[in-house]
Protein chains: 2
Amino acid sequence: MRTLGTPEPETAPRTVTIQDVARRAGVSTATVSRAIALPERVAAATREAVFSAIRETGYTPNAAARSLRAKSTKMVLVLLPGIGNSFFTPVLNALEEVFTEGGYGVLIGYTRQSRSRETHYARVIRAGQVDGVLVVTGNVPRDEEFVSVPDTVPVSLMFSEVPGTAQFSVFDVDNRGASADAVRYLISQGHRRIAHIPGAESGLEARERLGGYCDAIREVGFPLDESLIWRGASNFDFASGERAAKDFFALDDKPTAVFAAADEIALGFMRALKNRGVGIPSDVSVIGFDDTEYAVHYDPALTTMRQPRNEMGRLAAQDLLRRMAARDGGIPTSKVRLPCELVVRESVRAVE
Amino acid sequence: MRTLGTPEPETAPRTVTIQDVARRAGVSTATVSRAIALPERVAAATREAVFSAIRETGYTPNAAARSLRAKSTKMVLVLLPGIGNSFFTPVLNALEEVFTEGGYGVLIGYTRQSRSRETHYARVIRAGQVDGVLVVTGNVPRDEEFVSVPDTVPVSLMFSEVPGTAQFSVFDVDNRGASADAVRYLISQGHRRIAHIPGAESGLEARERLGGYCDAIREVGFPLDESLIWRGASNFDFASGERAAKDFFALDDKPTAVFAAADEIALGFMRALKNRGVGIPSDVSVIGFDDTEYAVHYDPALTTMRQPRNEMGRLAAQDLLRRMAARDGGIPTSKVRLPCELVVRESVRAVE
DNA sequence: ATGAAAGCGCTAACAC
DNA sequence: GTGTTAGCGCTTTCAT
């Protein structure tokens with residue numbers, strides 16, 4: 001209370017601690033702590049006293065002190081590639097939702113293909129700043145420092161896999177099988193000359209999708225024509241699709257259909273073709289991969305292989321939540337491979 | 001060293017602390033702490049001893065202990081609306097980059113228009129879990145708990161403003177002026193009958209953009225025709241644009257141009273028109289707002305008003321960094337309003 | 001059912 | 001230039 005004429009004392013508004021609450025409620029700090037964590041183990045009257053003291057003081061437990069003592073920060077680190085595309089937006093959404101519900105905060109990190117950023121985040125983990133890690137990227141983390149991450153912190157991988165390790169949970173799709181299915185669909189629509197635009201081949205997913213394309217071509221006995229594989233994608237992005245269009249126009253014997261390793265590649269490719277008067281799907285059919293937001297809104301709406309991004313995010317988060325709750329690897333890691341689903345829209349037509 | 005026949009002792013691999021490093025280097029913990037924080041204030045020989053001890057032990061300072069002691073977590077909270085659209089992806093990218101460079105981690109939170117989520121994050125702030133907050137959303141945070149956020153934590157706003165407060169830094173654009181400019185451009189191309197698809201009018205930005213539309217129409221003396229304002233957007237999304245298409249088709253006297261309050265609205269609208277055989281821009285011109293990634297790749301490429309999202313992110317982060325570094329409001333808040341830029345592409349044609 | 005007390009790992013006065 | 005010491009705010013035995 002400020003008395004008339006009395007200048008406001010320069011007292012810094014000291015943050016209220018558990019001590020203040022204890023004093024006010026006439027109990028010990030231990031009791032306050034208990035009343036918060038295990039209300040049922042405190043007498044009803046005491047509990048009331050504590051809670052009103054909390055309300056009156058506006059007390060909020062200090063996170064750092066709690067973390068220090070409890071050796072748990074209630075935070076997870078979500079590592080994303082962080083280059084451009086918005087493929088990961090719904091994933092991050094799902095993750096944040098599940099983690100927040102589970103009482104965990106989400107610290108994000110963009111690795112940006114940079115070694116120094118990876119070591120930076122490895123340090124974050126070693127500093128005990130997070131209770132778990134979710135690596136959401138096509139790129140297997142380059143290890144070195146990463147291997148020295150304490151085993152006590154559970155780590156999960158999404159959309160890609162480190163072959164031959166059981167220490168991570170993995171949530172991904174069968175990129176190879178789904179890609180083969182996409183190409184098989186093209187074949188079922190009568191296409192025989194089918195091209196492929198791979199993603200950046202440094203990533204496992206892109207290589208798997210290329211593998212699936214080859215599988216499907218080979219199994220029907222079509223020749224595997226290298227001139228129909230338009231490499232050189234820098235990424236899963238529009239620009240890669242536009243670049244591939246050059247390969248298309250350079251070709252004498254043009255394909256009737258194209259399987260792009262990602263929707264954005266497909267969209268960039270389609271745009272480049274339309275600009276030069278090539279009709280889609282009248283002249284060339286196109287199928288993508290991912291089913292991102294824009295696929296359905298493009299003209300023509302893109303036929304594509306859907307990855308269940310939201311579901312994968314939810315499952316991965318729930319698994320990590322479970323593993324974090326179990327002290328010391330009480331719960332084994334899981335490998336979950338979800339099915340993709342062909343979404344037929346307008347960009348593929350039947351020929352013959 | 002494991003001796004033959006001796007079973008591995010069940011010792012938990014105790015995390016290495018500053019104590020271990022001190023012991024190994026033959027110095028006090030204070031010296032280790034100093035060698036890390038202010039290397040120049042420690043004798044070269046000692047410094048070397050400390051650093052090799054650190055290397056040998058693989059020591060990483062514990063974040064919680066440091067935060068508790070230093071009363072600073074080196075983390076910021078970035079609050080996003082978290083509903084669907086990927087408008088914020090590049091913003092988040094820019095923020096993460098600048099904050100990480102500045103030595104801060106980024107905790108994300110999606111408010112999802114939910115009061116309980118806002119109070120949740122208010123609690124995170126009060127728990128001292130972050131040193132600063134960036135509210136990146138068109139929605140002014142509903143206050144209540146929020147006002148009780150301690151003044152010691154600097155808060156900044158992006159893309160929207162709380163009128164009449166100096167306690168936040170604000171980074172936004174002149175939505176009204178830029179919208180008026182967009183409509184003026186349409187007028188300059190000979191359009192006289194111009195419609196508008198507003199965003200969800202609960203948000204300040206959407207109302208400002210609507211205001212700009214009205215300004216531009218009025219200033220040239222055109223009648224302000226309510227039948228040309230197609231309200232009912234649930235959001236800045238495709239669906240809103242598709243819904244607006246119904247209004248378009250229901251109209252006898254059709255407009256020759258449409259100003260959409262966001263690119264995604266514009267794209268949804270265009271798609272719906274094209275589906276019914278209406279040519280863009282041959283029959284109707286469309287202009288958007290934002291210049292998101294897909295604007296340039298659509299067919300026709302969308303003419304739109306660009307918001308400098310990356311730059312706004314960088315500036316906002318830098319400002320917050322500065323304010324967090326200054327103890328106790330040493331640095332005043334700023335109001336930064338960046339210019340938008342008209343990006344002319346293919347979706348508007350000149351008439352007459 | 002509750003309290004006393006120890007201590008999580010670190011930093012920052014303050015001495016020397 | 002370096003060490004001693006006193007906590008930061010909380011949880012958790014261990015008593016009572």
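Side-chain atoms are counted along with the backbone in the values below, which use heavy atoms only and exclude waters and symmetry mates. The chains referred to below are lettered A, B, ... by the order of the sequence lines, with proteins before strands, and numbering in each begins at 1.
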So if I take the C1' atoms of five pairs at each end of the helix from dA1(C)-dT16(D) to dC16(C)-dG1(D) and get each local axis, what angle do the two axes make, rounded to 10 degrees?
30°

Tell me, please, which residues at least two apart from [X] pass salt bridge (charged side-chain N to carboxylate O under 4.0 Å, His left out).
{"X": "Arg117(A)", "result": "Glu96(B)"}
{"X": "Asp20(A)", "result": "Arg14(A), Arg23(A)"}
{"X": "Glu56(A)", "result": "Arg24(A)"}

Do side-chain atoms of [X] reach the backbone of [Y] as a donor and acceptor pair under 3.5 angstrom?
{"X": "Ser156(B)", "Y": "Val170(B)", "answer": "no"}
{"X": "Thr57(B)", "Y": "Ile54(B)", "answer": "yes"}
{"X": "Lys74(B)", "Y": "Gly102(B)", "answer": "no"}
{"X": "Ser169(A)", "Y": "Ser334(A)", "answer": "yes"}
{"X": "Arg314(A)", "Y": "Glu97(A)", "answer": "no"}

I'd like to know whether Tyr110(A) forms a ring pair (Phe, Tyr, Trp, His ring centres under 6.0 Å) with Phe88(A), so could you lay out the CA-CA distance, the side-chain angles of the two residues, the decisive distance to 0.1 Å, and finally the verdict.
CA-CA 12 Å; Tyr110(A) 291 127; Phe88(A) 296 107; 9.3 Å; no

Kindly write out the residues that satisfy side-chain hydrogen bond (donor to acceptor under 3.5 Å, both in side chains) with [X], not counting sequence neighbours, or none if the list is empty.
{"X": "Gln129(B)", "value": "none"}
{"X": "Thr73(B)", "value": "Asp131(B)"}
{"X": "Arg322(B)", "value": "none"}

Please list, one pair per line, the donor and acceptor atoms closer than 3.5 Å that link side chains of residues 29-43 of chain B to other protein atoms, with sequence neighbours excluded.
from	atom 1	to	atom 2	distance (Å)
Thr31(B)	OG1	Ser28(B)	OG	3.3

Over all heavy atoms of both residues, which pair between Ile108(B) and Leu77(B) is shortest? Give the atoms and the distance, please.
C-CD1, 4.3 Å

Nt span of DNA chain C in reach of chain A heavy atoms at under 4.0 Å, 5' end first, is dA1(C) to dG9(C)

At a heavy-atom distance below 4.0 Å, what parts of residues 43-53 of chain A sit against DNA chain D?
none

Between Asn93(A) and Arg309(A): side-chain donor-acceptor atoms closer than 3.5 Å
no

At a heavy-atom distance below 4.0 Å, what parts of residues 29-38 of chain A sit against DNA chain C?
Ala30(A), Thr31(A), Arg34(A)

Protein-nucleotides 7-9 of chain D N/O pairs closer than 3.5 Å?
from	atom 1	to	atom 2	distance (Å)
dG7(D)	N2	Arg69(B)	NH1	2.9
dG7(D)	N3	Arg69(B)	NH1	3.4
dC8(D)	O3'	Lys71(B)	NZ	2.8
dG9(D)	OP1	Lys71(B)	NZ	3.1
dG9(D)	N2	Ala65(A)	O	3.4

